[in-house]
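So the structure is just underneath, and the comments pick up after that.
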Amino acid sequence: MQQRRDEILAKRAKLAELKRQRELRSQTTAGRASIGGPSDLISPTPGRADSRREIEHLLASLTSDSRPGSTTTGGAASPARAAAAPPRPISLTTAPLTTVYECPPSPVKEVFSYSKGVQTTEDWMLPSRPRAQSLLSEADDLPGTTSTPSKRLSRRERDREEELRQKIKEEVEEELRATKEFLTDGVVPQSTFASTNHPSRNLTTEELDAVAQSDEFIDFLDKSTKVIERALDQESYDILTDYALQGQDVDDEDEEGGNTEGRGKHRVKEVAQFFDDRWSKKRMISGIDFSPKFSELVLASYTKNPTAPHEPDGLVQVWNLHMQDRPEYVFTAQSDILTAKFSPYHNNLIIGGSYSGQVLLWDTRAKAAPVQKTPLTGYGHAHPIYSVDIVGTQNANNIISCSTDGVVCGWSMDVFAQPQELLELKNPSQAKVAVEDVSPTCLAFPHTDPTFFLVGSEEGTIFPCHRYDRAGAKAGVDKKISYKGHTAPVMSVDFHPARGPVDLGDLVISSSLDWSVKLWKVRAPAATSTIGTGDGSIAPLIDFVREDVVYDAKWSPTKPSVFALVDGAGWLELWDIAVETEEPVSRITPSSRKDGRTMLSKSLNKVAWEPNEGKRLATGGIDGSLTVFEVASGLGGKEGSKNEEWTNVKKLVNRLEAVGLNGAGMV
Amino acid sequence: MADSSLANGQDPLEEKLGRLSKKPGVKASIVLDRATGAILKTSGDIDALQTTKSRTTSTATSFSNDTTAAPEESESRGVEQFAAMVWNFVNNSGSFVQELDTEDEVRLLRLRTRKQELVIVPDSKYLLVVVHDTPPV
């Protein structure tokens, strides 16, 4: 050890000597660089770029063959961060390289030398990199060096310098060789391998605890286990399969078991069922939505678990079709969540409506608690919110929420303290009804008009409403028109997604507890003022009578004549009005969980289509499990969609209108 | 209330690793410190985290039954050795990627062998390794 130090000292002296001579020659403000001071060593005047680079280059070429030895010491320890560490001048490099191996493995020292080792080897690894001198040394030496052109050095001077450096290089090389030998000696016997090379020391239990408690570690574990679970779940197909070797036949897609119903192009197949033992237990699904951006993500909102008073009442889970065992995200709230939706304009945001009358906003980048919520009292809703939506455009959109007392609020995405607009819906026929509130259960906007919407009410009537005053109609419920047909609370209203060659955006399906689904043709909001027939009540075009209460019905986003409904008996039914208006083309019920309750637990509450491809739909209900189905080409998907499908629906609607003028909507 | 599960630090961690271990085919998982390679956490079947060599030595020592502590020690030694090897592997691939493109970094390593697969998720501070069985070839 002592000997080593002497050597280093000798080298320092040499360098200092060299430096002093140079300073003298350079005739400039030499006073700044104090001779023999520490800054001398750390920063040999960086102005002499040429000679230094030359030397570095030489050094690198000399030592490159012995590099492997140095990398194992921890050279690649931090590939990402190493680049950021300022490279040190060569004079430093010799010392730490040796200390790594010659110091007795005292824990503190090891760590210290290790971090130096990183910097050292970095220098060796990237010799050709443009010299990025450390800021400190630059600042220190700049005045002294700017006027010191390297050309001034005489040839002899440089030769001498070269000679000196050559010597140093040789020494360095020798050291490296020595360490390499030491290393190879150390590697061969098994026992020393781990101790020389790998963890400089074992962490104590306290340290382990400290690490395990840190947020960083928890975050890391959270993310990385997700990655691995996705990786493992993806495993259904073995990419390394060698068909030539195996000889055994590969089973056909169509023959596999599982929960499948329907034939040919009307096939429906269960692809996933999501249930989390901790979170989903004893909760009901109250809302489902597919992410408009990531088609594999689907969210479900849940009511409270009455048996777990210490868990948050409200819950939203975002599930990933590629990770079936656990939710991608879990969001919570203090009150039951009755509806939730992905924001179509912000990929990270999820909005929800709660039983307490709050509109909640979660962010997938944040923690489980909502990032924003509307106040409980004062402004906004004081009754449960069963319906929320985001309407508008990318640049101008509002959250619209609707509570059961007939209050409809418009919120700005940024301001949750109070609503931007507030509309109270009053029943237009005041004389006849005892309660003048409308008590809406659901609300739907047409896809083209953010100022007009329909609400389904508890009494069974569907009311058209205006958000703003317009010619011939005041804001609020349109007094002239109502859609009467249901005799029990309306559970859902859904506008046709008009995205085809023929505009069918005025077609609406509604589901109700009166065991029926009805198809309506909605008058354009502008035209409503000119209509003057009778009491303005409009009858449905088609009445689909079912065998149980119908909780939800939704148009397919891609097939113009297809819609899906779910009922209280646990059936998911797919209808194609162009094919058949009396019975569904396919029906399927989710496979029951092993430990699931029977009988009463089957009822399905909500259904949602994946909006982009239109091939998958998700449903869930009382037993809290979310089931995803995939439909064949006849019921969803984009391929094979023809213009005729659209015109056929149009023709059908026209025919029905002609026939059913006097309320005989039955087909 | 929402964070009640996170308050007691350890449990969700155990739960996550435990959940991984319960997945079909997963043999073991281990978390290392990225900078030093120190072992932070292991779960599952420790035996899967050993080299065949160390496994044979451990059985050898257990056969010779010198002391009761010997097999245990050699076991932890075996894990350490495994950790060292994985760590080196990750670092080497890290520097390889760095040399290809200095602005790039390793996100995921899947090392499929005839017998098993290692899935490695490196992060700036930690790395997680999962050993699992692959469908037989």
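Just so it is clear, the model here is predicted, and its values are computed rather than measured. Here is how names work: the chains are called A, B, and so on, in the same order as the sequence lines, proteins then strands, and each is numbered from 1. The analysis underlying the following values was restricted to heavy atoms, covering all of them including side chains, and did not include hydrogens, waters or symmetry mates.
Looking at A/D215, neither its backbone nor its side chain comes within 4.5 Å of chain B, counting heavy atoms on both sides. Looking at B/V119, both its backbone and its side chain come within 4.5 Å of chain A, counting heavy atoms on both sides. Heavy atoms closer than 4.5 Å to chain B are found in both the backbone and the side chain of A/F217.
By number of non-hydrogen pairs under 4.5 angstrom with chain A, the leading residue of B/V31, B/V26, B/L108, B/V97 is B/V31.
Applying the 6.0 Å contact sphere to NZ of A/K226 captures more than 12 heavy atoms from other residues, nucleotides or ligands. Within a 6.0 Å radius of NZ in B/K27, other residues, nucleotides and ligands contribute more than 12 heavy atoms.
For A/W319, the side chain to side chain donor-acceptor pair (under 3.5 Å) partners two or more places apart in sequence, or in a different chain, are A/Y302. Every salt bridge (charged side-chain N to carboxylate O under 4.0 Å, His left out) that A/D276 has, sequence neighbours left out, goes to B/R19.
The distance from the CD1 atom of A/I228 to the CG atom of B/L20 is 6.0 Å, given to the nearest 0.5 Å.
Using cut-offs of 30° and 60° for the angle between ring planes, the B/Y126 and A/F220 rings count as tilted.
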